Amino acid sequence: MANVNVVPKSQIEAMQTVPPYKVTHPRQILKVSSEDSIGSSIFKAAVNIILFCDKEADADDDSGWHVAGWIKESLGRALKDEPLLSGRLRRGEDGHGDLEIVSNDSGARLFEATIPITLLDFLALEDVEMAESQLVFWKDIDELIPQFSPLFYVQVTNFQCGGYSIGISCSLLFADVLIIDNFLQKWARIHRDIVSETKKLPTFYLPKLKAPSVNLNSLFPSTTRERLNQTVIYKISSTSEMVDSKENVALVCLEKTEKQLGAGNNKTSSEFALLVKESPKVMRAQNWKKEEIGKSDTENDGVIILKTSYLNDYMRINDVSFREGSKPAMVSYWIGTENGAVQTIAIPSYDKLGDPSHLNVIVTIPYENEIVN
């Protein structure tokens, strides 16, 4: 049994780039309107998901090495329909214009790693929530040269027992694609189809290649943030007027979340970051102070909450499986934010006529003892 007080370190064995399966044409562009710098906390947040998988008994072709090889192919095909995930954030007009994400096919990053512990011992660690950051890779967007920073990462980590984990991290700018549009389910389905149709080793299978002799951890430092917060998702009955005042609706949801999850703690956040999907082609990012919006009355604010759910329920993460007929042994998920920063995301949904049907508001706050001014 491993020492439950020691948090093990993962070792990166290889890194690959996964571009879309075919060239994106025409290029897609998502404009990001923001008064804050790329170095602010609003651009550093990421959605993190880890799928823990036991090794199937008597299955020689079930290992993290096999999974990573197939991911190189399946993710490329999935990105064909969501090419912005493999794009980059940049400034238009030769580096002097507004921020925008362009589907330039630069690709997502795929890491293969090992960790010196069995899966069972890892899950038994006293500081398992701290240790989980070893299983998912994230690197903050470079403020000076953002066009070189990936926005989507995958890390497949092999445990000593033959089990493995699939760690996925994605910029919060794509929360609508990952959370609302169920990208993970679509990608996992493509992955299962490829594996079931192809009865051979994946082309990109690391063990048949020469192992690197250098420590790649120093070349690829991660800034993954530990799981210190909780997320609630609200489905709001929406009108055109409400869609136009997303800041007020977000504040109502934030204060309701603080009241429910921060019970017994009078210290609540006075600032929060807000991401708003203004349209399929425009995202607005802004840091707000509550007093700049005005005090809300959560009892008489006119906001009708149709449904409240948590990240796992909304994304159906436990149903995501990269193996046919076998779900992960355990799933971990969180939105990592810098210094416990409070994040809210407002994503409107429209009916077939283009009219607003409801508003999805995603609120992430630190656990009770982490809420700060």
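Just so you know, these numbers come straight off a predicted model, no measurement behind them.
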| request: Compute both the distance and the angle, then confirm whether Arg109 meets the cation-pi test with Tyr153: under 6.0 Å from the six-membered ring centre, within 45 degrees of the axis. | output: no
| field | Polar side-chain atom of Ser279 near backbone of Lys281 as donor-acceptor pair, under 3.5 Å | value | yes
| request: To the nearest 0.5 angstrom, please state how far the CD atom of Gln16 sits from the CG atom of Leu75. | output: 11.0 Å
| request: Please check if atom NZ in Lys22 has more than 12 non-hydrogen atoms from other residues, nucleotides or ligands closer than 6.0 Å. | output: no
| task | For the pair Phe322 and Trp187, name the ring-plane relationship: parallel under 30°, tilted 30 to 60°, perpendicular over 60°. | result | perpendicular
| field | Side chains of Asp105 and Thr24, donor plus acceptor under 3.5 Å | value | yes
| task | Specify the closest pair of heavy atoms between Thr224 and Trp138, including all atoms of both residues, with the distance to one decimal. | result | OG1-N, 3.0 Å
| said: What I want to check is whether the side chains of Thr231 and Tyr333 have a donor and an acceptor closer together than 3.5 Å. | reply: no
| field | Side-chain H-bond candidate by donor/acceptor type, Glu132 with Ser332, under 3.5 Å | value | yes
| message | Using modelled atom types and a 3.5 Å cut-off, is there a donor and acceptor pairing between side-chain atoms of Glu271 and backbone atoms of Val342? | response | no
| request: Please report the C-alpha distance between Phe220 and Phe137 in whole Å, then the side-chain angles of each, then the deciding distance to 0.1 Å, and finally whether the ring pair (Phe, Tyr, Trp, His ring centres under 6.0 Å) criterion is met. | output: CA-CA 9 Å; Phe220 303 106; Phe137 189 97; 7.1 Å; no
| Nearest heavy-atom pair of Asp36 and Asn287: which atoms, and what distance? | OD2-N, 3.2 Å
| task | Could you pull out the closest heavy-atom pair between His191 and Ser74, with the gap in Å? | result | ND1-OG, 2.8 Å
| task | Mind listing the closest non-hydrogen atom pair of Ser133 and Met130 along with its distance? | result | OG-O, 2.9 Å
| How many angstroms lie between atom CD of Gln343 and atom CD1 of Ile42, to the nearest 0.5 angstrom? | 6.0 Å
| message | Does Asp319 have more than 12 heavy atoms from other residues, nucleotides or ligands lying within 6.0 Å of its CG? | response | yes
| note | Nearest heavy-atom contact between Ser106 and Thr17 is O-CG2, 3.2 Å
| request: Would you check if the side chain of Gln155 reaches a backbone N or O of Gln134 as a donor-acceptor pair within less than 3.5 Å? | output: yes
| Just by distance, do the side chain of Asn360 and the backbone of Ile347 share a donor-acceptor pair under 3.5 Å? | yes
| Sub-3.5 Å donor-acceptor pair from the side chain of Trp65 to the main-chain atoms of Asn158, do we have one? | no
| task | Flag the pair Thr364 / Ile345 as yes when at least one side-chain heavy-atom distance between them is below 4.5 Å, and no otherwise. | result | no
| field | salt_bridge(Glu278, Lys31) N-O dist < 4.0 Å | value | no
| So which heavy atom on Gln11 is nearest to which on Asn217, and how close? | NE2-OD1, 3.3 Å
| query | Restricting to pairs with a member in residues 157-180, which pass ring-ring contact (aromatic ring centres under 6.0 Å, His included), not counting sequence neighbours? | reply | Phe122-Phe159
| query | Any sub-3.5 Å donor-acceptor pair from Gln147's side-chain atoms to Arg90's backbone N or O? | reply | no
| message | Closer than 4.0 angstrom, basic N to acidic O: yes or no for Glu247 and Arg284? | response | yes
